[in-house]
Amino acid sequence: MYPYQYDPRFQNLFPPGGGQGFPAFPPGGGGQGFPPPPPGGGGQGFPPPPPGGGGQGFPTQGGAQPPSSPPPAFTPTPKLGSGGPSLYAVDPGAISGCLYRYTYIWPRNGRPYWFYPTFVGRRSVAGYRWTGSFWVYAGVDVNQIREFQCV
């Protein structure tokens, strides 16, 4: 064993009643040096879910909810025609007109997909991407978007 010396300066560090040198933690909070839980708390030491939260302990990103239905059944036709490379980057101001609307994205690399944008930043767009079965939260750099069309 490691020898140690008792230091009486530390005996009142915790309030008495907790046993083993630790304070008691009464259910419901309050007392024993702990403040009571705030009104409307989530119970058992957890805060209440935020308004518009995702439920089941999973908050939604940015408070925006995914669409409640799948995207349209049709696939839009790209307006650039040939599908060849584009020399211009997508303007975030242009795609901001598609906020909270079903948007079809043709990326520079990869397969096109349905997207439901909920946030447009200076160089990126975030929202929900359709997997074919459900919506997942995702983000994309606007430089990686070749073309988009919102419906």
Side-chain angles (χ1 to χ4, degrees), residues 10 13-151:
F10 299 112
L13 224 105
F14 297 103
Q20 300 292 329
F22 294 101
F25 190 79
Q32 299 289 335
F34 292 98
Q44 302 210 355
F46 294 99
Q56 299 297 321
F58 298 99
T60 58
Q61 280 71 9
Q65 297 287 331
S68 57
S69 60
F74 69 92
T75 301
T77 306
K79 293 196 186 327
L80 289 179
S82 68
S86 170
L87 298 176
Y88 302 103
V90 168
D91 176 29
I95 201 166
S96 66
C98 294
L99 278 172
Y100 303 103
R101 295 173 62 188
Y102 294 113
T103 305
Y104 203 73
I105 303 273
W106 287 272
R108 293 190 183 279
N109 298 311
R111 298 172 58 181
Y113 54 91
W114 281 105
F115 192 67
Y116 188 81
T118 59
F119 170 81
V120 177
R122 284 179 36 206
R123 294 185 306 208
S124 63
V125 182
Y128 294 91
R129 181 176 176 164
W130 181 248
T131 66
S133 303
F134 52 90
W135 294 101
V136 293
Y137 194 78
V140 63
D141 189 316
V142 292
N143 292 331
Q144 298 303 315
I145 299 174
R146 178 173 51 90
E147 189 175 345
F148 67 92
Q149 183 178 342
C150 46
V151 295

Considering only heavy atoms from C-beta outward, does the side chain of [X] approach that of [Y] to under 4.5 Å?
X      : Y      : answer
Tyr128 : Pro71  : no
Pro107 : Val140 : no
Ser69  : Tyr102 : yes
Tyr100 : Thr118 : yes

[atom1]-[atom2] distance between [X] and [Y], expressed to the nearest 0.5 angstrom:
X      : Y      : atom1 : atom2 : value
Gln149 : Arg101 : CD    : CZ    : 10.0 Å
Ser68  : Trp135 : OG    : CH2   : 10.5 Å
Arg129 : Phe134 : CZ    : CZ    : 12.0 Å
Ile105 : Glu147 : CD1   : CD    : 10.0 Å
Cys150 : Ile95  : SG    : CD1   : 8.0 Å

> Around Phe74, counting heavy atoms of other residues, nucleotides and ligands shown, do more than 12 lie under 6.0 Å from its CZ?
Replying inline: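 Above 12, so yes.
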
Nearest heavy-atom pair of [X] and [Y]: which atoms, and what distance?
X      : Y      : value
Pro92  : Gly121 : CB-O, 3.5 Å
Trp106 : Pro112 : CD1-CB, 3.6 Å
Pro72  : Val151 : CG-CG2, 3.9 Å

>> Any side-chain to backbone donor/acceptor pair from Arg108 onto Asn143? Under 3.5 Å, distance only.
In response: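 Yes.
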
> Which one of Tyr113, Trp114, Trp130 satisfies the ring pair (Phe, Tyr, Trp, His ring centres under 6.0 Å) criterion with Tyr104?
Replying inline: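 The passing option is Trp114.
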
